[in-house]
Amino acid sequence: MTQPSNTLEQIIENIHAGDDSTRNKAFEDIIECGSEAIVPLISLLDHPDEQIRDSAVWALCQMNNVAGPILIQELSNKNPLIRESASFCLGICKNTNASQALLLLLKDENEKVRETAAWSLVKIGVDDENTVKQIIACLDDESILVKETAQWILEHIGESAFEPLFQKLMESSSDNERIINILSRISPDKIDALLQLLETTQDIQKLSYLIQLIGQLRDPQSIECLLPFLNHNSRHIITHTVEALINIGELTIEPLFEKLEQGSISPTNEMMPLFIRHKSASVPQLIAMLQSSNNSLRIFAARALGVIEDRRAIEPCITGLKDSNIYFVEACARALSAFTNKLIIKPLTDCIMDSNYPIVKSNAIDALAGVLDSKAALQLLQKFTEASLTVKKRLLQLASYYPSSEAEELLQQALLIDDDECKMIALQGLRKIGTEKSIECVRNAIIKENPYISDEARSALKEIIERKQREVK
């Protein structure tokens, strides 16, 4: 080793007092001082001048063979700046002897120390299983910051972390979402093995984690393997399968509808979020399904189109109102109730006025109430007298949406019809729009009608009186 031209004391003095040129020369010289320079250099790691701190780190890295053991000791120094700088030095030097000491710093109270220790561990490289497991254990720490630091390391470690991390997931971790996120970033080439495991796993919790992980990988080849789980007997599994298919994207839609048509998968309401998320692909498929030879699929498609609320469904559903299957007609009416388009007025009005469809009731009325103006509604209500009993009931429901003297009189008139359902609908309407003009006829219903209707009349009377009192105030 070449002897420096100045003594160690002179070199330290030049570092503190010299200009940049003198200082740089002093750091080059101090390296030649060997082990005697280690302690003075470490003392510079918390110097207020950042340039001096950086130069001290550089010098210590050049002396790694002799500085390493002392730097490891300094990882427990009370000064966070020294702990941070020592970690940084050990990381740059890739000192493998420092791994265990750096692991302890992942729970350090100082954020910069934790981050630097994490960076150094990744820089050094973590290959042994025991160290990886210790980092994984940090995912269970109470501190969210420690968890995030451990997650960052594991994501950068990559392949060597997969097996122990996957094992922890299968053992039902309390923080499974974080583990799944990590695994999804380090296991893109594991899809084949995961899909094989998907076929053999029976435990519901493990199966749930596995489906979530496969969904995060977003690999299209997993679609065919995931689709059967849409009819699993566990709602928990179905929900996670839908979420996984949503993550994979629109490519899931076509094979799903093929299996629905084939009958290998049954349609369920849990599929709706998938259709909504990827409606550009699912709406054309659902519209085509309205023509299926399977009535159950046709009804399901109509209901789904109503849930999605896509304007492309309006005309196909209007056409569906003319179908011979009353349950399909009801589903189409229900779908149209999601829209406020003027195109639906006439077909829904025709539906309401046609007593051949006894089950087409509230859905068509709700839809019409969203698009009819008061004038058009009152013109429709004028057909009450000559309408059949079934249609009368629908018109009574419609009347409750349009507060007016004409609508109130119609509801009062309905209390004279010898049909309990008509009376109930009329009382429900008066509860919504009735005024003091209806009090007498409602009181009569309390006295004269059966207990069931009498109870509804009491509720209506109470609401009418309270509404009148609110208006006075």
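Each residue takes its place number in the sequence, starting with 1.
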* To do: Answer whether the closest heavy-atom distance between the side chains of W119 and E115 falls below 4.5 Å.
  => no
* Asked: When you check the side-chain N and O atoms of E243 and T239, is any donor under 3.5 Å from an acceptor?
  -> no
* Asked: Does a side-chain heavy-atom distance below 4.5 Å link L217 with S187?
  -> yes
* Inter-residue atom distance L60.CG - S55.OG, 0.5 Å rounding -> 11.0 Å
* Flag the pair E466 and R431 as a salt bridge only when some basic side-chain nitrogen lies within less than 4.0 angstrom of an acidic carboxylate oxygen. => no
* Any chance the rings of Y209 and F166 have centres within less than 6.0 Å? -> no
* Steps toward side-chain contact (heavy atoms from CB on, under 4.5 Å) verdict (R178, I144) -> CA-CA 11 Å; R178 186 181 296 277; I144 186 67; 3.0 Å; yes
* Dump the intermediate steps for side-chain contact (heavy atoms from CB on, under 4.5 Å) on L286 and D310, then the final yes or no. => CA-CA 11 Å; L286 288 166; D310 189 286; over 6 Å; no
* Do the side chain of T200 and the main chain of L197 share a donor and acceptor less than 3.5 angstrom apart? -> yes
* Asked: CD1 of I345 to CG of L348: how many Å apart, nearest 0.5 Å?
  -> 9.0 Å
* Minimal non-hydrogen separation, L321 against A333, with atom names -> CD2-N, 3.7 Å
* Contact check, side chains of L227 and L245, non-hydrogen atoms, under 4.5 Å -> yes
* I246 CD1 to T241 OG1 distance, which is reported to the nearest 0.5 Å -> 11.0 Å
* Asked: Knowing that exactly one of I179, I180, N181 qualifies, which makes a side chain to side chain contact (heavy atoms under 4.5 Å, CB included) with E177?
  -> N181
* Could you give the distance from CD1 (I72) to OG (S99), rounded to the nearest 0.5 Å? -> 8.5 Å
* Does the pair K279 and E309 meet the rule for a salt bridge (Lys or Arg N to Asp or Glu O under 4.0 Å), with working shown? -> CA-CA 10 Å; K279 66 180 182 179; E309 299 183 19; over 6 Å; no
* **Note, K123 side chain near I92 side chain (heavy atom, < 4.5 Å)** => no
* Please determine, by modelled atom types, if N295 and R298 share a side-chain donor-acceptor pair under 3.5 angstrom. => yes
* Is it the case that K432 places NZ or CZ above or below the six-membered ring of Y401, under 6.0 angstrom from the centre and within 45 degrees of the axis? -> yes
* To do: State plainly whether the residues E463 and R470 are in salt-bridge range, i.e. N to O under 4.0 Å.
  => yes
* Got a donor-acceptor contact below 3.5 angstrom from the S120 side chain to the A117 backbone? -> no
* To do: Answer yes or no: are there more than 12 heavy-atom neighbours, outside E142 itself, under 6.0 Å from its atom CD?
  => no
* Would you check, one step at a time, whether the test salt bridge (Lys or Arg N to Asp or Glu O under 4.0 Å) holds for K190 with E159? => CA-CA 10 Å; K190 302 287 185 180; E159 180 73 20; 3.0 Å; yes
* Quick one: pull up NE2 in H232 and CD1 in I204 and give me the separation to the nearest 0.5 Å. => 4.0 Å
* **Atom CD of Q291 with >12 non-hydrogen neighbours under 6.0 angstrom** => no
* Has Q221 got more than 12 heavy atoms of other residues, nucleotides or ligands less than 6.0 Å from its CD? -> yes
* Asked: Which heavy-atom pair separates L139 from L154 by the least distance, and what is that distance?
  -> CD1-CD1, 3.8 Å
* Flag if over 12 foreign heavy atoms under 6.0 Å of CD, E258 -> yes
* Apply side-chain contact (heavy atoms from CB on, under 4.5 Å) to the pair L71 and N95, showing each step before the final yes or no. => CA-CA 10 Å; L71 285 170; N95 191 318; over 6 Å; no
* **Closest non-hydrogen atom pair, C225 against L195** => CB-CD2, 4.0 Å
* Classify the ring geometry between F275 and F257 as parallel (under 30°), tilted (30 to 60°) or perpendicular (over 60°). => tilted
* To do: Using distance alone, with no hydrogens and no angle criterion, decide if Q216 and Q212 have a side-chain donor and acceptor under 3.5 Å apart.
  => no
* Under 3.5 Å, is there a donor-acceptor pair linking the side chains of Q167 and E163? -> no
* Kindly say whether D108 contributes a backbone atom to a donor-acceptor pair with the side chain of R114 at under 3.5 angstrom? => yes
* Asked: salt bridge (charged side-chain N to carboxylate O under 4.0 Å, His left out) with D140: which of K147, K168, K133?
  -> K168
* To do: Identify the two heavy atoms, one from L274 and one from T252, that lie closest to each other, and give their separation to 0.1 Å.
  => CD1-OG1, 3.8 Å
* To do: Might you confirm whether atom CD of E129 has over 12 heavy atoms from other residues, nucleotides or ligands at distances under 6.0 Å?
  => no
* Asked: What are the two closest heavy atoms between C317 and C332, and how far apart are they?
  -> O-CB, 3.5 Å
* So, do L297 and L290 sit near enough that their side-chain heavy atoms are less than 4.5 Å apart? -> no
* To do: Apply side-chain contact (heavy atoms from CB on, under 4.5 Å) to the pair F229 and I211, showing each step before the final yes or no.
  => CA-CA 9 Å; F229 290 98; I211 290 172; 4.2 Å; yes
* Structure fact -> d(L75 CG, I82 CD1) to nearest 0.5 Å is 11.0 Å
* Residue pair L106 / D141, side-chain heavy-atom distance below 4.5 Å -> no
* Work out which heavy atom in I433 is nearest to a heavy atom in S400; give both atom names and the distance. => CG2-O, 3.3 Å
* Asked: Under 3.5 Å, side chain of S87 to main-chain N/O of R83, donor-acceptor pair present?
  -> yes
* Test item: M272 and I308 side chains (from C-beta on) under 4.5 Å apart, heavy atoms -> no
* To do: Please say whether more than 12 non-hydrogen atoms of neighbouring residues, nucleotides or ligands are located less than 6.0 Å from CZ in F88.
  => no
* Asked: Below 4.5 Å, heavy atoms only, C-beta onward: do R312 and I287 meet side chain to side chain?
  -> yes
